[in-house]
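Only one structure is covered here, and it is reproduced in the block below.
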Amino acid sequence: MLPRFLFPGRSGQRVPASTKKDDRVENSQFFLSQYADNPKEQAKFFGAARVANDRHLELREIAELKSAISTMQDPTFEQMLPHFQRFLASDAIAGYFGNEVKSSLESDIHQAQGQSIDNEAMTGLQFIDTDHFAVATVVADPTSIAFKKYRNRLKPSSIMMTPKDLLVRFIKGGGAVVTVFSCDAITDESPAAPDMACTVVRTFRVEDGDELLLRAGRDSFTFESADSVVCFAQAYAKHSRASVMPEFDSRTMTLIGLSATNDKSSRIQMMATILRLFGHAEAFESCLPFLRHDDYFVRWYVMRELLAIDAKRAWPLVERMAAADPHPNVRVTARRTIEMFRPSIAA
């Protein structure tokens, strides 16, 4: 399993970071004196990083994957899929992490190159990141999977559909049992409805080499259990053809919410809500420019927050949106809002 960051100790020993203030100070002082302020250890750290990079450049499969897709003009997931399948079935992933292990032996504080993945049941590393796609390897801990299932048995939980088109290949099945979920696509022609629900496609025991194809905004999978550590690789398209990813109640399987698949759009929505919740004095002015955002659902989401921040000030903007927004669903929703709340706003 890819370890979370631990403060390093002498001769490669690992000293866990403590939650006690005195221990944290002691560990920090040890790290500074033995590593950060030690020219010899600094040289080892930078040297190990350079060597790891050089070793990675020698991995033919990674170079071929990047080269094949870079020659495509705005590649779709379907065009990239055969390349993903060949790559995930190759020895390149083992070679990449073998290089990182070798380099970690050359410096106690070597950090694996890539973006870390860390949540309550999984850890991993996104080690390829290009304009069009990314590849990551993830490890699922069976104890954490079991604890998450136990903890969630008495409280609401949800199923979130994947925001991107995604290929998953299980390197080590670990006796895992997986459930795959699916729902209808949400598009301009087929918008989300209150009675929308997702369904269970299948539940099966994972074997080494099994693959899952997940469609953006339509599919998801969860771990039911695992006998031992599970390791899987995933390759996904950066540009999603789905505008939103629906979220469903795990008990009733009915729709409970929608989130933007675009990271920037999602963050705008989140920030608008945070500004309202914290009563920021300039919240209205800060959110106002996003009424011109390219994503129609962002425009309406921000409009809702503006109504909650200052309804009277926002009302002319709702009227303008009802008359002139480029998207028909936004115009219809704004008109319905006007019909429902005009008397109370006027008062």
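Nothing here was measured: the structure is a model prediction, and the numbers come from that model. If you read the sequence from its start, that first residue is 1, and numbering goes on from there.
In this structure, Phe181 and Phe248 have side chains that are not in contact, with every pair of non-hydrogen atoms separated by 4.5 Å or more. Residues Thr333 and Tyr296 are not in side-chain contact: their nearest non-hydrogen atoms beyond the backbone lie 4.5 Å or more apart. Contact annotation: the side chain of Leu166 never approaches that of Leu212 to less than 4.5 Å [non-hydrogen atoms, C-beta and beyond]. Counting only heavy atoms from C-beta outward, the side chains of Arg218 and Met161 never approach each other to under 4.5 Å. Side chains of Phe170 and Asp208 form no contact here, defined as non-hydrogen atoms less than 4.5 Å apart. With a 4.5 Å cut-off on side-chain heavy atoms, Met321 and Val330 count as touching. Inter-residue side-chain proximity for Ile145 and Asp141 is flagged as unmet; no heavy-atom pair is nearer than 4.5 Å. With contacts defined as side-chain heavy-atom distances shorter than 4.5 Å, the pair Phe297/Asn329 does not qualify.
Cluster membership check: Ile274 does not share its hydrophobic cluster with Tyr301, using side-chain heavy-atom separations under 4.5 Å among Ile, Leu, Val, Met, Phe, Trp and Tyr. There is no path of hydrophobic side-chain contacts, each under 4.5 Å, that joins Val177 to Val229. Ile62 and Leu57 fall into different hydrophobic clusters, defined by Ile, Leu, Val, Met, Phe, Trp and Tyr side-chain heavy atoms under 4.5 Å apart, directly or through other members. Follow the hydrophobic side-chain contacts under 4.5 Å out from Val332 and you never reach Val318; the two are in separate clusters. Both Leu213 and Ile171 are members of a single hydrophobic cluster when ILVMFWY side chains are connected at heavy-atom separations under 4.5 Å.
A distance-only check finds a donor-acceptor pair linking the side chain of Ser70 to the backbone of Ser67 [under 3.5 Å]. Remark: side-chain polar atoms of Asp210 are paired, donor with acceptor, to backbone N or O of Glu207 under 3.5 angstrom. Distance alone, capped at 3.5 Å, is enough to place a donor-acceptor pair between the Asp165 side chain and the Ala216 backbone. Within the 3.5 Å criterion, the main-chain N or O of Gln269 finds a donor-acceptor partner in the side chain of Thr273. Counting only distance, with no hydrogens or angles, the side chain of Thr261 and the backbone of Ala242 share a donor-acceptor pair below 3.5 Å. At distances below 3.5 Å, at least one donor-acceptor pair connects side-chain atoms of Thr71 with backbone N or O atoms of Ala68.
Classification of Arg241 and Glu78 as a salt-bridged pair holds, one side-chain N sitting under 4.0 Å from a carboxylate O. A salt bridge links Arg205 and Asp227; the closest N-O separation between the charged side-chain nitrogens and carboxylate oxygens is under 4.0 Å. Ion pairing of Arg151 with Glu120 is present here, as a side-chain N (NZ or NE/NH1/NH2) and a carboxylate O approach within less than 4.0 Å. Ion pairing of Arg299 with Asp325 is present here, as a side-chain N (NZ or NE/NH1/NH2) and a carboxylate O approach within less than 4.0 Å. A salt bridge links Arg55 and Glu106; the closest N-O separation between the charged side-chain nitrogens and carboxylate oxygens is under 4.0 Å. Checked for salt-bridge contact, Asp129 and Lys238 meet the test: a charged N lies under 4.0 Å from a carboxylate O.
When every heavy atom of Ala121 is checked against every heavy atom of Ser144, the shortest pair comes out as CA-CB, 3.7 Å.
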Subject >> Full working for side chain to side chain contact (heavy atoms under 4.5 Å, CB included) between Val200 and Val180 >> reply: CA-CA 6 Å; Val200 174; Val180 179; over 6 Å; no
| query | After noting the C-alpha distance and the side-chain angles of Met253 and Thr199, does the key distance pass the side chain to side chain contact (heavy atoms under 4.5 Å, CB included) rule? | reply | CA-CA 7 Å; Met253 310 288 276; Thr199 58; 5.6 Å; no
His56 vs Glu100, side chain to side chain donor-acceptor pair (under 3.5 Å): CA-CA, chis, key distance, verdict | CA-CA 9 Å; His56 296 333; Glu100 289 293 350; 2.9 Å; yes
Go through the steps for Leu167 and Gln85 under the test side chain to side chain contact (heavy atoms under 4.5 Å, CB included), then give the verdict.
CA-CA 8 Å; Leu167 171 67; Gln85 289 174 318; 3.6 Å; yes
Side chain to side chain donor-acceptor pair (under 3.5 Å) evaluation trace for Lys148 with Ser157 | CA-CA 10 Å; Lys148 182 180 178 182; Ser157 59; over 6 Å; no
Practice task
Would you please test Glu41 and Lys44 for salt bridge (charged side-chain N to carboxylate O under 4.0 Å, His left out) and show each step?
Solution key: CA-CA 5 Å; Glu41 293 298 334; Lys44 286 183 181 180; 3.7 Å; yes
ask   = Given Tyr236 and Phe77, is the ring-ring contact (aromatic ring centres under 6.0 Å, His included) satisfied, shown in steps?
value = CA-CA 8 Å; Tyr236 66 89; Phe77 179 73; 9.6 Å; no
- Hey, mind stepping through Ile69 and Phe84 against side chain to side chain contact (heavy atoms under 4.5 Å, CB included) and telling me if it holds? CA-CA 10 Å; Ile69 294 177; Phe84 290 161; 3.8 Å; yes
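Using cut-offs of 30° and 60° on the angle between ring planes, the pair Phe223 and Phe232 is tilted. Between Phe87 and Phe127, the ring-plane angle classifies as tilted under the 30° and 60° cut-offs.
Ser158 and Glu247 form a side-chain donor-acceptor contact under 3.5 Å, judged by distance and modelled atom types alone. At a cut-off of 3.5 Å, with distance as the only test, no side-chain donor of Asp219 or Thr162 sits close to an acceptor on the other residue. Of the N and O atoms on the side chains of Thr179 and Thr222, not one donor lies less than 3.5 Å from an acceptor on the other residue. Using modelled atom types and a 3.5 Å distance limit, the side chains of Asp295 and Ser265 yield a donor-acceptor pair.
Aromatic rings from His110 and Phe45 are positioned such that their centres are separated by 6.0 Å or more.
Each of Glu305, Arg276, Arg313 was checked for a side chain to side chain contact (heavy atoms under 4.5 Å, CB included) with Phe284, and the lone residue meeting it is Arg313. Test Met72, Gln79, Met80 against Thr76 for side chain to side chain contact (heavy atoms under 4.5 Å, CB included) and you get one pass: Gln79.
Summarising the local packing, CZ of Arg335 is surrounded by more than 12 heavy atoms from other residues, nucleotides or ligands at distances under 6.0 Å. For Asp91, the CG atom sits in a loose shell: 12 or fewer heavy atoms of surrounding residues, nucleotides or ligands are nearer than 6.0 Å.
With rounding to the nearest 0.5 Å, the separation of CD1 in Ile128 from CZ in Phe133 is 5.5 Å. In this structure, CG in Asp184 is found 11.5 Å from CG in Leu255, a value given to the nearest 0.5 Å. To the nearest 0.5 angstrom, Leu65 atom CG is 8.5 Å from Ser90 atom OG. Atom-to-atom distance recorded for Leu59:CG and Tyr96:OH is 9.0 Å, nearest 0.5 angstrom. Annotation: the span from Phe97 atom CZ to Asn99 atom CG amounts to 10.5 Å, rounded to 0.5 Å. A distance of 10.0 Å separates NE2 of His280 from SG of Cys287, quoted to the nearest 0.5 Å.
Residue Met245 shares its hydrophobic cluster (ILVMFWY side chains chained together at separations under 4.5 Å) with Met160.
Taking the ring axis of Phe204 as reference, the NZ or CZ atom of Arg202 stays within 45° of it and closer than 6.0 Å to the ring centre.
Glu58 meets the side chain to side chain contact (heavy atoms under 4.5 Å, CB included) test with no other residue; sequence neighbours excluded.
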